[in-house]
Peer 1: 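Have a look at this one before I ask anything.
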Amino acid sequence: MARYEPGQSEAKWQQAWADAGVFQARRDTAKPKYYVLEMFPYPSGRIHMGHVRNYTMGDVVARYKIAQGFSVLHPMGWDAFGMPAENAAMERGGHPKTWTYGNIADMKAQMQPLGLSIDWSREFATCDPEYYGQQQAMFLDMLAAGLVYRKNAVVNWDPVDMTVLANEQVIDGRGWRSNALVERRELTQWFFKISDYSAELLAALDGLKDWPEKVRTMQANWIGQSRGLQFAFETLGAPEGFGQLEVYTTRPDTLMGASFAAISPDHPLARALEAGDPGVAAFVAECRRVGTSEEALEKAEKRGLDTGIRVRHPLDPAWELPVFIANFILMDYGTGAIFGCPAHDARDFEFATKYGLPINAVFLPEGAADTPLSDAYVPLKSERVRYVRGFAGEAVQTGEAGVASAIAQCESRGIGRGVTNYRLRDWGISRQRYWGCPIPVVHCPACGVVPESKANLPVRLPDDVTFDQPGNPLDRHPTWRDCTCPKCGAAARRETDTMDTFVDSSWYYARFTSPHAATPTDAAEADYWMNVDQYIGGIEHAILHLLYSRFFARAMHKTGHLPAKAIEPFNALFTQGMVTHEIYLTRDAAGRPIYHLPEEIEGGKVSATGKAVEVIPSAKMSKSKKNVVDPVNIIRAFGADTARWFILSDSPPERDVEWTAAGAEAAYKFLNRVWLIAERVAEAPAAGDSAGDAALARALHRAIADVTHAIENFAFNKAIAKIYELTNTLSRATASSAAMTSALRTMAQLMSPMVPHLAEEIWAAMGGAGLVVTAPWPKADPALLVQDTATLPIQINGKRRAEITVPKDMPTAEVEKLVLADETVARVLAGQAPKKLIVVPGRIVNVVH
RNA sequence: GCCCAAGUGGCGAAAUGGUAGACGCAGGGGACUCAAAAUCCCCCGCCGCGAGGCGUGUCGGUUCGAGUCCGACCUUGGGCACCA
């Protein structure tokens, strides 16, 4: 063996894998299949350490499964539609398509040296017409299946740029470019009926055993099933047609504590009042200046306007409540109208205090006196409380019981009905933007909205567009909109809305099973490869992307594009943490921060100027803070294996990992050390002793068992710690050269998922047959794993004071005798019997006295 | 504001309710070297000379025993439906 030179070695082995075609996914019915997928990247132009981490984890799984004898599918593609391409076109000129495909080429070139086990023959980008054309075909099928509809919905409208803004483009209520106050504007938009599946998407979460608990909880909360009462108030003084006001409440047990009713500014009644009342119009206009995001709404100061309208309390016709328009009531949830019970809701309490409304407690803590509340009393629904203004059920009962009997009581009196509601809203997919999948419908003056004929798909984006003015280029294109009605043949106009990019990413996993098929999927391929056995990506996708994908798989099944088994497309999910780095800055004369790249810093100073830097603790790598490490530089300096090893070694995969130069160097040193051990064994064969061989065998099989277990459990940092231990053993071993060679061969296998190039090199040098990547995974010999003695710590009153070593299966009674005979124990007990003696066989002893 | 996580030596971390700190980094000491780098060996939670005491964000609780379970709080991160 020569010196460890990753630059040459890594390219050599990548070529060898390519020549052997080991990463080509083959539909081989004789083998079990394994589909591992990392969330595909947005082609921003540069890969970053987060990508390296994500793909390395997937690569470890893929290579491990190949060694386990699976037929593995490990594809890669590009989530290529979206706003940044249009922003780039606006800022720098050029075309989103050129920018995007250029970025894809750049990023792919940066990824290749990592030596990932990807089947590149399946690569596609969502902006390929072949891909989005199939998406349009599915849209038409879903439209026909009743899963798509149009309705009005609000968007952020920039009145200066005359364009729709994304939530992230609204900063403190103003447009990011124009700085104009953003308005809410209603547009007719396309929706997927995800709400049809609310109950099912919720119930099916229970079956996702290999998903993180936190993700299932987040999705369950997002779907937000609630049981409540929907009923109508009779109104007094409301406009024509508004004799009734429907409200929904999850706390009907607090009806006797009601002190007002409130409606959303977007409620039909508010709109009716707006027309005839300048005061209402002004207030509602004010409310609409808040952005459309729920966050903005919730953070805004809670405000209301008394409409002068009154409603009769359903349990007491003489009791009248004022009706407010309130900025915190969402039109999309329930009926867009509520009653407020300030005593038991923090927001209602704040509101009532502000507007001088009565605050009457309905229930109290069990055993508390009826004194005025200084704050809302909001116990868990499962907690027992004493009802003082209840009207249903026991005086003392849980909130849950109170709600249930209130619903029953109201239903029997003819006041409304119990309903199950969901927080989940239908999925609005219309975007008034160019760089997305065109929605394949046409607007015909005679026939109305007509689906485009499948024969005319894909509806391609025109290339001749400009971005020199705000707004949707499709809208102002001279000819693109012109078409004929597929139904009547008359002149018609195309829909200019494109689809939300979440649609693109909701089925790419299915497309990878047959990326070049003339239909969205190929039944035989989908049947063989689905589901994704292991999906890996960021926790930031816990709700939207994953929920939309779960819905889309169901919709694809309903329209015949996926088998029934694939309605939950991801069998197992792993969410990895971010890659972080320290931030370095100096300041200019005005004290403004100037950020510096890590490579500009040496010994706490900027190398070029010698100026000392301030160091800010690690944060997510971001270009603006310049705390980025370019994977390309790391690979050039140390090789891909070093980057892979370090990114896996230090932190548990689900947690954030901090990139440090020292850590990367340490990884490089370690790989060199392994190389040197291999070299010494190869060059200086020595006779060892048989005890040394036996000890090495035990350590080796312990390592096989531990590393295998760790990889199975996504504990790559622990797998690496075990390999460090094995390396320490190897470098001190007194075994024969044959035993050492064999052990190194096995160690190369254990390391190969993480550092595949080095593993091939060592495998070859140790006389391994073929490529290590295809060698069967080693199995631990159970006989070499058993321990015949156990060292038991002895605790006295829970504190460790001594230890004894006993045969593994010594009966408890004998262990007790030994413990009582122990010097330390005897001294502490001083002749007295212990109060308690706890022996946990094989683990620990606790003497209580 | 609401939902979900995380918090352990100087640092990254480990620990089926059972010896807190495996493994690694940094640091200290030593070997080798003319010297340095590289490599190898040893030490390394805090306080204390020591015996010992204290230690897993904070405060309480359950338990023979809590980093781990329960409750409240603090801080940081993710999401909040048009960023991807």
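Residue numbers start from 1 in every chain, and the chains themselves are labelled A, B, ... in the order their sequence lines are given, proteins ahead of strands. Worth knowing before you read on, the calculation uses all heavy atoms, side chains too, and leaves out hydrogens, waters and symmetry mates.
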Peer 1: Take N1-N3 plus N6-O4 or O6-N4 for Watson-Crick, N1-O2 plus O6-N3 for G-U, both under 3.5 Å. Which runs of 3 or more such pairs involve RNA chain B?
Peer 2: B:1-7 with B:74-80, B:10-12 with B:23-25, B:27-31 with B:39-43, B:45-47 with B:52-54, B:57-61 with B:69-73
Peer 1: Does R184(A) qualify as a cation-pi partner of W157(A), given the criterion of NZ or CZ under 6.0 Å from the six-membered ring centre and within 45 degrees of its axis?
Peer 2: no
Peer 1: For atom C1', what is the distance between G17(B) and C49(B), given to the nearest Å?
Peer 2: 38 Å
Peer 1: Heavy atoms under 4.0 Å, any strand shown: does L837(A) hit a base, just sugar-phosphate, or nothing?
Peer 2: nothing
Peer 1: Report the distance from atom CD of E383(A) to atom C1' of G71(B), rounded to the nearest whole Å.
Peer 2: 12 Å
Peer 1: Any base atoms under 4.0 Å from G538(A), or only sugar-phosphate, or nothing? Heavy atoms, all strands.
Peer 2: nothing
Peer 1: With no hydrogens and no angle check, just 3.5 Å: does a side-chain donor-acceptor pair link S293(A) and N167(A)?
Peer 2: no
Peer 1: Between C11(B) and A22(B), how many Å separate the two P atoms, rounded to a whole number?
Peer 2: 15 Å
Peer 1: Would you mind telling me which of D158(A), N156(A), V155(A) makes a side chain to side chain contact (heavy atoms under 4.5 Å, CB included) with V164(A)?
Peer 2: V155(A)
Peer 1: Which whole-number value in Å describes the distance from W659(A) CH2 to G24(B) C1'?
Peer 2: 15 Å
Peer 1: Heavy atoms under 4.0 Å, any strand shown: does E301(A) hit a base, just sugar-phosphate, or nothing?
Peer 2: nothing
Peer 1: Output the single nucleotide from A84(B), A81(B), U39(B) whose closest atom is nearest the side chain of M83(A).
Peer 2: A84(B)
Peer 1: Can you check the distance between A5(B) and A31(B), where both ends of the measurement are the C1' atom (answer in whole Å)?
Peer 2: 48 Å
Peer 1: Does the side chain of R423(A) pick up a donor-acceptor pair with the side chain of Q225(A) at under 3.5 Å?
Peer 2: no
Peer 1: Taking 4.0 Å as the cut-off, does a side-chain nitrogen or oxygen of R423(A) come that near to OP1 or OP2 on C80(B)?
Peer 2: no
Peer 1: Taking the six-membered ring of W190(A) as reference, does the cationic atom of R150(A) (NZ for Lys, CZ for Arg) lie under 6.0 Å from its centre and within 45° of its axis?
Peer 2: yes
Peer 1: Nearest-Å distance, CG (L330(A)) to P (A81(B))?
Peer 2: 11 Å
Peer 1: Using whole Å, what does the distance between atom C1' of nucleotide G79(B) and atom CZ of R216(A) come to?
Peer 2: 18 Å
Peer 1: In whole angstrom, give the distance that lies between atom CD of Q576(A) and atom C1' of G78(B).
Peer 2: 13 Å
Peer 1: Considering only the P atoms, how many Å lie between C32(B) and A20(B), rounded to the nearest integer?
Peer 2: 40 Å
Peer 1: Is it the case that the side chains of R673(A) and N728(A) hold a donor-acceptor pair, with the cut-off being a distance below 3.5 Å and no angle test?
Peer 2: yes
Peer 1: Out of A84(B), G79(B), A81(B), which has the shortest distance to the side chain of R425(A)?
Peer 2: A81(B)
Peer 1: Any chance the rings of F646(A) and W659(A) have centres within less than 6.0 Å?
Peer 2: yes
Peer 1: If I take atom NZ in residue K669(A) and atom C1' in nucleotide U39(B), what distance separates them, rounded to the nearest angstrom?
Peer 2: 10 Å
Peer 1: Rounded to whole Å, how long is the line connecting atom CD1 of I539(A) with atom C1' of U76(B)?
Peer 2: 16 Å
Peer 1: Using a cut-off of 4.0 Å on non-hydrogen atoms, how would the nucleic acid contact of W427(A) be classed: base, sugar-phosphate, or nothing?
Peer 2: nothing
Peer 1: Between U68(B) and C3(B), how many Å separate the two C1' atoms, rounded to a whole number?
Peer 2: 24 Å
Peer 1: Check if the side chain of E295(A) and the base of C80(B) share a donor-acceptor pair of N or O atoms closer than 3.5 Å.
Peer 2: yes
Peer 1: Side chain of R732(A), heavy atoms from C-beta onward: which of C4(B), C41(B), A84(B) has the nearest atom to it?
Peer 2: C41(B)
Peer 1: Taking atom C1' in both C73(B) and G65(B), compute the distance separating them and give it to the nearest angstrom.
Peer 2: 26 Å
Peer 1: Taking atom types as modelled and ignoring hydrogens, do the side chains of N421(A) and S226(A) form a donor-acceptor contact shorter than 3.5 angstrom?
Peer 2: no
Peer 1: Would you mind classifying the nucleic acid contact of A662(A) as base, sugar-phosphate or nothing, using non-hydrogen atoms under 4.0 angstrom?
Peer 2: sugar-phosphate
Peer 1: If you look at every strand shown and take non-hydrogen atoms under 4.0 Å, does K299(A) touch a base, only sugar-phosphate, or nothing?
Peer 2: base
Peer 1: Identify whether the distance between the nearest side-chain nitrogen and carboxylate oxygen of R53(A) and E38(A) falls below 4.0 Å.
Peer 2: no
Peer 1: When you check the gap from the basic side-chain N to the acidic O, do E823(A) and R801(A) get nearer than 4.0 Å?
Peer 2: no
Peer 1: Would you call K193(A) and D426(A) a salt bridge, using N to O less than 4.0 angstrom?
Peer 2: no
Peer 1: Determine the contact category for G82(A): base if any of its heavy atoms lies under 4.0 Å from a base atom, sugar-phosphate if only primed atoms, P, OP1 or OP2 are that close, otherwise nothing.
Peer 2: sugar-phosphate
Peer 1: Just by protein heavy atoms under 4.0 Å, how would nucleotides 15-23 of chain B read 5' to 3' in B, S and -?
Peer 2: SB-BB--BS
Peer 1: Less than 4.0 angstrom from a charged side-chain N to a carboxylate O is my criterion; do E186(A) and R288(A) meet it?
Peer 2: no
Peer 1: Please list, pair by pair, any protein nitrogen or oxygen found under 3.5 Å from a nitrogen or oxygen in nucleotides 10-12 of chain B.
Peer 2:
unit_1	atom_1	unit_2	atom_2	d
G12(B)	O3'	S651(A)	OG	3.4
G12(B)	O2'	D650(A)	O	3.4
G12(B)	O2'	S651(A)	OG	3.0

Peer 1: Using a cut-off of 4.0 Å on non-hydrogen atoms, how would the nucleic acid contact of H545(A) be classed: base, sugar-phosphate, or nothing?
Peer 2: nothing
Peer 1: Let me know the distance between CD1 of I223(A) and P of C80(B), rounded to the nearest Å.
Peer 2: 16 Å
Peer 1: Quantified in whole Å, what is the P atom distance between nucleotide C46(B) and nucleotide G21(B)?
Peer 2: 14 Å
Peer 1: For F328(A), which contact category applies under a 4.0 Å heavy-atom criterion: base, sugar-phosphate, or nothing?
Peer 2: nothing
Peer 1: So what does Q432(A) touch, heavy atoms closer than 4.0 Å: a base, only the sugar-phosphate, or nothing?
Peer 2: base
Peer 1: Under 4.0 Å, heavy atoms only, any strand: does K835(A) hit a base, just the sugar-phosphate, or nothing?
Peer 2: nothing
Peer 1: Please answer whether the main-chain N or O of S195(A) pairs with a side-chain N or O of W427(A) as donor and acceptor at a distance below 3.5 Å.
Peer 2: no
Peer 1: Does C64(B) have its OP1 or OP2 closer than 4.0 Å to a side-chain nitrogen or oxygen of N797(A)?
Peer 2: no
Peer 1: What does S430(A) touch in the nucleic acid at a heavy-atom separation under 4.0 angstrom: a base, only the sugar-phosphate, or nothing?
Peer 2: base
Peer 1: Can a salt bridge be assigned to the pair E213(A) and R216(A) using a cut-off of 4.0 Å between side-chain N and carboxylate O?
Peer 2: yes
Peer 1: Does G67(B) sit syn or anti, given that only angles within 90° of 0 count as syn?
Peer 2: anti
Peer 1: Are F328(A) and F351(A) close enough that their ring centres sit under 6.0 Å apart?
Peer 2: yes
Peer 1: Hey, which sits more toward the 5' end of RNA chain B by its nearest nucleotide, S731(A) or A80(A)?
Peer 2: S731(A)
Peer 1: For atom C1', what is the distance between A66(B) and G55(B), given to the nearest Å?
Peer 2: 14 Å
